[in-house]
Amino acid sequence: MAKITLPDSSIIEAADGVSAKQIAEQIGAGLARVAIAAKINDRIVDLTARITGDVSLQIITSKDTAGLDIMRHSCAHVMAEAICDLWPSAKLVYGPNVEEGFYYDIDLDEPIRPGDFERIEEKMNQIVKADKPFIRKEMPRAEALLKLAGDKYKTDNVNRAAGDTISFYSSGDGFEDLCRGPHVPSTGKIGAFKIMSVAGAYWHGDPTQKMLQRVYGTCWRNKKELDDYLMRIEEAKRRDHRVIGRQLDLFSFNDAGPGFAFMHPNGMIIWNLVVEFWRDVHNKFNYEEIKTPIVLNKELWHRSGHWEHYKENMYFTRFDDVDYAIKPMNCPGGCLVYKTRKHSYREFPLRVAELGLVHRHEASGVIHGLFRVRQFTQDDAHIFCTPDQIESEIIGVIELTFEIYRAFGFEDFHVELSTKPENHIGSDEIWESATNALKEALRHKKIDYKINEGDGAFYGPKIDFHIQDCLKRSWQLGTIQLDFSMPQRFELVYTDKDNTEKTPVMIHRAVLGSFERFIGILIEHYAGEMPLWLSPEQARIMPISEKSNDYARALEAKLKSHKLRCSCDLSDEKIGAKIAAAHTEKLPLMLVVGPREAQSDSVNVRIRGREQTKTMKTDEFIKSAAKKIADKEIGLNF
RNA sequence: GCCAACGUAGCUCAACGGCAGAGCUCCGGUUUUGUAAACCGGAGGUUGAGGGUUCGAAUCCCUCCGUUGGCUCCA
């Protein structure tokens with residue numbers, strides 16, 4: 001006898017071996033119709049799964065996240081069947097879900113092109129319409145390996161799978177695929193789908209392996225959800241910093257220097273404001289600032305270990321028969337500054353910041369707007385301290401980091417901790433204590449984090465701060481890295497209490513990561529609508545007609561004397577056109593002035609994106625704007 | 001670096017073997033305007049670069065450069 005507890009705590013009794021589907025039918029025909037899978041004792045299984053004994057049961061529908069996940073994976077199978085039908089020589093590799101859809105890796109010599117998507121979708125539609133059941137077949141591992149003999153990809157998948165029982169699913173017209181499951185009961189249960197893109201992907205992410213074709217698709221409960229998703233992508237593309245950067249004349253790129261950003265006057269205004277703010281916060285946290293050369297002798301890079309570990313990404317130059325490298329990191333220069341005098345434990349922790357311009361020859365395929373460039377300015381700093389100061393220093397860096405992120409309204413980021421890699425230097429003991437110091441600091445600040453085992457730098461463990469761009473791609477901002485290598489390589493020392501020379505600990509950290517990337521992220525974060533304090537132009541003065549131009553000019557001079565960034569639109573256009581132009585430029589404030597305002601020394605304030613306007617005395621406006629700027633207010637309410 | 005797609009005026013795009021075009025921007029003029037785009041005119045191009053096929057190439061083929069989306073890598 002099976003005793004089945006439902007989510008509402010009610011209990012159904014049935015004969016052993018009853019299927020989840022039968023129970024769903026017993027609960028209600030409506031539920032049975034929308035049922036996709038079942039959760040038996042926290043394990044998600046097919047609806048056909050048999051129930052024995054005392055269990056808890058939940059029927060999963062497409063409303064559940066798990067139901068949508070299952071639907072997507074079943075959709076991947078349908079896509080695989082369609083592709084195998086169109087290209088019989090296609091070999092299936094691996095087809096997991098991703099955040100908002102799925103992909104399937106396929107080994108096929110003939111390239112699948114975007115132009116083929118339509119016929120793949122057509123074939124998929126036929127399969128879905130036929131509403132054939134997904135049927136699970138189980139067999140022992142040995143039998144599965146025999147069955148898959150000759151298919152190196154699926155054999156590999158079986159070898160990587162856990163457990164002794166291997167399952168296959170068949171659906172459609174004799175299509176069968178190795179799969180753990182579960183699946184929807186039949187292909188007709190799959191909602192609205194679309195093939196999104198195709199891209200190359202290495203088998204197991206290994207560049208020495210064959211490049212496969214990865215076909216991306218998305219699948220939603222219904223057409224409306226699919227359309228909403230496609231709309232969201234379109235919206236996101238409108239936030240793309242590369243598009244907005246051109247629209248707002250912030251920066252550009254040129255074939256003359258791929259991966260090297262040209263910052264325009266508007267972009268530099270934002271840049272300099274971020275630098276100014278950054279300096280204020282670093283002063284508050286007792287940092288000093290230095291600047292080290294961009295081009296340094298090659299020998300230095302041998303000593304630092306960069307030659308050995310980073311040569312492929314470095315630029316080199318040669319003159320007067322001497323080889324030089326263009327710095328990819330600031331630390332060696334920082335070490336040379338440290339060595340210019342003797343240091344005492346009394347001056348520790350020594351926090352030395354540098355806005356260092358570095359060059360890294362990134363692979364051509366990874367260059368991406370301001371997010372991934374070949375020349376960038378790091379907001380770097382090196383903290384020299386004693387081992388027992390590590391944890392408090394890390395806490396200090398985290399506090400400084402949050403203070404800076406908060407000013408820009410960033411709440412949505414995540415933290416990752418990377419631990420000892422296989423190729424590392426230093427003893428296990430020192431790695432363990434350093435990693436624990438990082439963990440303790442995170443625990444102390446009550447920060448959740450993800451652990452990337454073995455992903456640390458060769459010289460020490462690290463904490464990274466990540467943020468997502470408008471298309472949900474994740475980008476690293478700040479980083480905190482413990483470095484046991486550099487102080488030794490450069491023979492850095494300090495004199496301790498006992499008058500002996502010891503090696504300091506070096507903490508390498510960046511908060512914004514790179515100014516280029518950070519400005520790109522700011523643009524996407526605000527969709528180009530910068531808060532008042534960061535806006536390249538804060539207010540545009542718009543005379544109603546030429547008759548008010550003199551008042552407009554006088555007003556401009558007055559606002560500028562109060563350090564407001566503004567200009568006059570003295571064109572022959574009507575006021576509506578001037579407003580439209582200002583909106584296109586995403587200006588926060590528009591000041592419409594005509595004879596009325598001129599007479600009363602006032603301005604009519606119009607706020608970006610709003611219909612209603614407000615007339616106020618010029619002095620009152622200046623005071624109010626100045627306060628918003630000083631407070632770095634994000635809202636524009638006047 | 002690898003796979004695929006794409007490079008036409010400053011920007012967004014059309015023409016897809018047969019005279020390179022539109023809107024916006026820019027320049028000149030008319031208009032003197034009260035809250036999201038007035039009107040008229042003009043300028044702007046060896047179609048990313050080089051080679052090939054063809055009577056004829058933006059269009060077809062090859063090489064290179066760049067861009068986009070992924071993979072690997074990474075701030």
Side-chain angles (χ1 to χ4, degrees), chain A residues 98 103 105 111-116 196-216 237 240 242-243 246-247 249 252-259 310 312-313 328-329 356 358 360-380 455 457 464-466 471 473-479 481 508-518 520-521 542-549 571-584 590-597 604-606 608-613 615:
Chain A
V98 289
Y103 65 78
D105 280 347
I112 296 174
R113 300 191 164 86
D116 298 319
M196 300 300 288
S197 63
V198 57
Y202 302 111
W203 190 35
H204 294 321
D206 179 351
T208 61
Q209 292 291 341
K210 182 169 184 181
M211 178 153 291
L212 309 166
Q213 301 194 61
R214 179 168 294 179
V215 185
Y216 285 87
K237 282 185 183 157
D240 190 320
R242 295 165 298 183
V243 174
R246 194 183 300 121
Q247 275 170 359
D249 200 12
S252 62
F253 288 91
N254 190 285
D255 288 0
Y310 210 73
E312 275 66 40
N313 283 324
M329 295 184 196
V358 297
R360 299 182 183 175
H361 186 264
E362 302 291 347
S364 60
V366 305
I367 306 269
H368 179 92
L370 290 178
F371 285 179
R372 195 79 186 268
V373 288
R374 284 174 170 164
Q375 174 195 271
F376 57 100
T377 302
Q378 278 186 311
D379 69 320
D380 213 346
D455 232 13
D464 294 326
F465 298 84
H466 295 254
L471 291 175
R473 291 171 293 212
S474 185
W475 298 94
Q476 185 179 322
L477 251 58
T479 182
Q481 306 182 351
H508 174 116
R509 48 112 282 186
V511 176
L512 306 177
S514 96
F515 272 82
E516 283 79 357
R517 175 179 295 176
F518 188 71
I521 285 172
M542 305 174 186
I544 290 290
S545 80
E546 208 178 323
K547 290 169 187 159
S548 302
N549 279 3
S571 66
D572 265 359
E573 297 292 345
K574 299 210 289 191
I575 193 66
K578 293 183 183 182
I579 287 167
H583 268 111
T584 311
M590 291 157 249
L591 305 177
V592 175
V593 295
R596 292 204 293 266
E597 286 76 15
N604 181 257
V605 183
R606 187 183 170 115
R608 176 176 61 204
R610 291 194 209 162
E611 294 276 325
Q612 66 277 48
T613 66
T615 299

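All chains are named by letter (A, B, ...) in the order of the sequence lines, taking the proteins before the strands, and each is independently numbered beginning at 1.
Side-chain atoms of A:Glu362 come within donor-acceptor range of the base of B:rA75, with a qualifying N/O pair under 3.5 Å. A:Tyr202 contributes no side-chain N or O that forms a donor-acceptor pair with the base of B:rG70 under 3.5 Å.
An OP1 or OP2 oxygen of B:rU72 is reached within less than 4.0 angstrom by no side-chain nitrogen or oxygen of A:Arg372. In this model, the phosphate group of B:rA75 is approached by a side-chain N or O of A:Gln476 to a distance below 4.0 Å at OP1 or OP2. Between B:rA75 and A:His466, no contact under 4.0 Å exists linking OP1 or OP2 to a side-chain N or O.
Listed nucleotides: B:rU72, B:rG70, B:rG66. Nearest to the side chain of A:Tyr216: B:rG70.
Distance A:Ile521 CD1 to B:rC74 C1': 13 Å, rounded to the nearest Å. For the pair A:Asp455 CG and B:rC73 C1', the computed distance is 11 Å after rounding to whole Å.
For B:rU30, the paired nucleotide is B:rA38, the pair qualifying as Watson-Crick or G-U wobble because both relevant distances are below 3.5 Å. Applying the Watson-Crick and G-U wobble criteria (two distances, each under 3.5 Å), B:rC55 pairs with B:rG18. Remark: B:rC6 base-pairs with B:rG66. Criterion, Watson-Crick or G-U wobble with two distances under 3.5 Å.
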Quick one, give me the B/S/- string for nucleotides 33-46 of chain B, reading 5' to 3', where B means a protein heavy atom under 4.0 Å from the base and S means that only happens at the primed atoms, P, OP1 or OP2.
-> BBBBBB--------
Which letter, B, S or -, goes with each nucleotide of nucleotides 7-14 of chain B from 5' to 3', with contact meaning a protein heavy atom under 4.0 Å?
-> ----SS--
Under the side-chain contact (heavy atoms from CB on, under 4.5 Å) criterion, do A:Leu212 and A:Tyr202 qualify, and how do the steps go?
-> CA-CA 6 Å; A:Leu212 309 166; A:Tyr202 302 111; over 6 Å; no
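Remark: the A:Thr479 side chain and the A:Gln481 side chain contain an N/O donor-acceptor pair separated by less than 3.5 Å. No donor-acceptor contact under 3.5 angstrom links the side chains of A:Asn604 and A:Glu597, judged on distance only.
Residue contacts for A:Ala363: at a heavy-atom cut-off of 4.0 Å it reaches a base atom on one of the strands shown.
Annotation: B:rU63 and B:rG28 have their P atoms spaced 48 Å apart (nearest Å).
A:Glu516 places a side-chain N or O within donor-acceptor distance of the main-chain N or O of A:Thr377, the cut-off being under 3.5 Å.
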